Amino acid sequence: MLLSEALPARIDETNVFRLAYVSRARRALTRPEAEALAVASAGQNRERGVSGVLLHGHGLFLQWLEGPAAEVCDLMARIERDPRHEGVAVLCAGWIGQRRFSDWSMRVIGPTGSDGAAILVPLAGGDCDRTRAAQAARAFDAAARLYLADGLGGPIWEDLAADLVQPLAKGGEAALAPLPEVLLTSPRARAAFADALCRMLAQGWTEDRFTGLDVALATVRLNRLLLRAGRSCEPIQSRGAVVLLVPENATEITGAMVKADLLRASGYSVKFLPAAQTRTLTPVLDATEGCPVMVYGGRLGIDAGDARRARALGAWLAGERPGRTVLTCGRATGALSEWPDRLEFLTQARAPFAGRGVDWSAVAALAAARPGARMH
């Protein structure tokens with residue numbers, strides 16, 4: 001299946017306020033009850049300009065709200081008073097560059113998606129910590145992939161990757177057709193395609209259809225195709241900066257290169273080091289003080305060494321620069337295409353706080369007074 005459609009249209013706004021929370025249900029809701037709850041709120045949300053998604057399962061509500069700050073905060077105040085919720089905890093609140101679910105006034109999704117894949121896993125117990133925020137970010141990533149599938153008519157990345165995986169692994173560059181236009185014009189589409197292709201290469205290796213050399217050559221050929229398509233430039237006015245590190249001796253960096261393109265296209269300035277060594281990182285860390293560091297651990301998964309090297313480098317960074325946001329990323333941490341949104345979510349989720357007792361009218365006033373700022 002070849003695509004000519006653009007990605008789903010997003011409402012053009014300069015200051016979108018986003019808030020995500022988790023709460024426990026006072027009593028178990030059936031799926032029809034949860035859907036009725038979402039339908040009842042959807043009409044009001046449309047009138048107020050609020051969009052988002054509600055994930056429900058395992059006795060939890062996990063909700064993403066986005067729109068005008070005053071409307072989002074007013075809705076949050078009503079949720080905090082709703083007797084169906086208890087233990088309301090705000091995981092993330094802040095301004096974002098664009099809506100993520102603009103076509104969903106409120107969509108409810110159960111513990112699994114339409115393909116049976118897990119969406120909402122039980123979140124970490126105890127205090128509202130970074131672990132819970134990271135789990136919530138991955139759940140919202142899964143919801144976003146369903147949103148894209150809604151807008152594009154199905155899991156198109158699988159079809160595109162299936163057409164190219166064999167020529168990339170076995171046919172050589174002469175057998176490669178040009179990349180479809182959507183992969184040249186949309187970095188997010190390119191990232192989703194690279195995810196699917198890496199997964200298929202790893203599956204082919206596991207099933208002995210491809211050798212390790214086949215897989216390595218396929219990633220090199222893919223890199224060349226993407227290089228011919230062009231790389232994303234540094235944004236003229238970045239909305240944030242990030243350091244992206246690939247540990248020394250990594251066996252695959254395709255995903256890291258695509259991730260850097262995607263982050264730049266999403267407005268981030270990226271310092272990319274493809275063969276990072278601890279003994280030479282101090283000047284880089286000093287020069288980029290304060291911005292998150294992402295350590296790439298591979299997308300293929302056929303060499304566990306990539307993941308081990310990433311974890312080791314991440315642990316070293318956490319010890320060397322306590323308090324700095326260090327994110328280990330790779331095949332086990334979710335889709336490439338969702339990382340710009342996840343990065344923004346996690347950088348806004350430094351200090352989750354209890355929703356009960358918050359003066360939401362004051363929060364709305366603060367949001368209106370300081371557009372473009374960040375809440376932590």
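Basis for what follows: all heavy atoms, side chains included, without hydrogens, waters or symmetry-related copies. Being a predicted model, the structure only gives us computed values, none of them experimental.
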Spatial distance of atom OG (Ser51) from atom CZ (Arg100) [nearest 0.5 Å]: 12.0 Å
Sidechain N-carboxylate O distance under 4.0 Å for Asp141, Arg138: no
Carboxylate-amine/guanidinium contact Arg188 Asp261, below 4.0 Å: no
Heavy-atom check, side chain of Leu273 versus side chain of Leu244, under 4.5 Å: no
Ser232 vs Arg190, side chain to side chain donor-acceptor pair (under 3.5 Å): CA-CA, chis, key distance, verdict: CA-CA 12 Å; Ser232 298; Arg190 190 183 302 183; 5.6 Å; no
Side-chain heavy atoms of Phe272 within contact of Met257, under 4.5 Å: yes
Distance-minimising heavy-atom pair for Leu317 and Leu245: CD1-CD1, 3.8 Å
Student check: side-chain heavy atoms of Phe140 and Val53 closer than 4.5 Å: yes
Straight-line distance of Glu80 CD to Cys73 SG, nearest 0.5 Å: 12.5 Å
Considering all heavy atoms, the nearest Ala276-Leu313 contact: CB-CD2, 4.2 Å
Least distance between heavy atoms, Ala241 atom then Pro292 atom: O-CD, 3.3 Å
With Gln63, the side chain to side chain contact (heavy atoms under 4.5 Å, CB included) member among Ile79, Val88, Leu91: Ile79
Chi angles and distances behind the side chain to side chain contact (heavy atoms under 4.5 Å, CB included) call for Leu65, Leu75: CA-CA 9 Å; Leu65 303 167; Leu75 178 55; 3.6 Å; yes
Interatomic distance, Thr254 atom OG1 to Leu222 atom CG [nearest 0.5 angstrom]: 5.5 Å
Whether Trp64 and Phe345 hold their rings parallel, tilted or perpendicular, with breakpoints at 30° and 60°: parallel
Pairing of Asp306 and Arg299 as salt bridge, 4.0 angstrom limit: no
Short side-chain donor-acceptor distance under 3.5 Å, Tyr147 and Ser102: yes
Ile109 CD1 to Leu55 CG distance, which is reported to the nearest 0.5 Å: 5.5 Å
Lys/Arg-Asp/Glu bridge criterion (N-O < 4.0 Å) met for Arg331, Glu252: no
Student check: side-chain heavy atoms of Thr333 and Trp339 closer than 4.5 Å: yes
Nearest atoms (heavy-atom pairs only) where Val16 meets Gly67: CG1-N, 3.7 Å
Side chain to side chain contact (heavy atoms under 4.5 Å, CB included) between Val270 and Glu234, worked out: CA-CA 7 Å; Val270 180; Glu234 284 287 302; 4.1 Å; yes
Distance, nearest 0.5 Å, that separates CD of Gln135 from CG of Leu62: 10.0 Å
Validation row: Pro68, Arg48 side chains within 4.5 angstrom (heavy atoms): no
Arg78/Asp74 salt bridge by N-O under 4.0 Å criterion: yes
Minimum heavy-atom distance between Ala169 and Arg221, given as atom pair plus value: O-NH1, 3.6 Å
Check: Val50 main-chain N/O paired with Asn45 side-chain donor or acceptor under 3.5 Å: no
Partner of Arg321 by side chain to side chain contact (heavy atoms under 4.5 Å, CB included), out of Asp286, Val293, Leu281, Val326: Asp286
For the student: nearest non-hydrogen atoms of Val243 and Cys291, plus distance: CG2-SG, 3.8 Å
Spacing of Leu300 atom CG and Thr219 atom OG1 [to the nearest 0.5 Å]: 6.5 Å
Side-chain heavy-atom pair Leu19, Val90 within 4.5 angstrom cut-off: yes
Side-chain heavy-atom pair Lys170, Phe210 within 4.5 angstrom cut-off: yes
Donor-acceptor contact present, side-chain Arg18 to main-chain Arg99, <3.5 Å: no
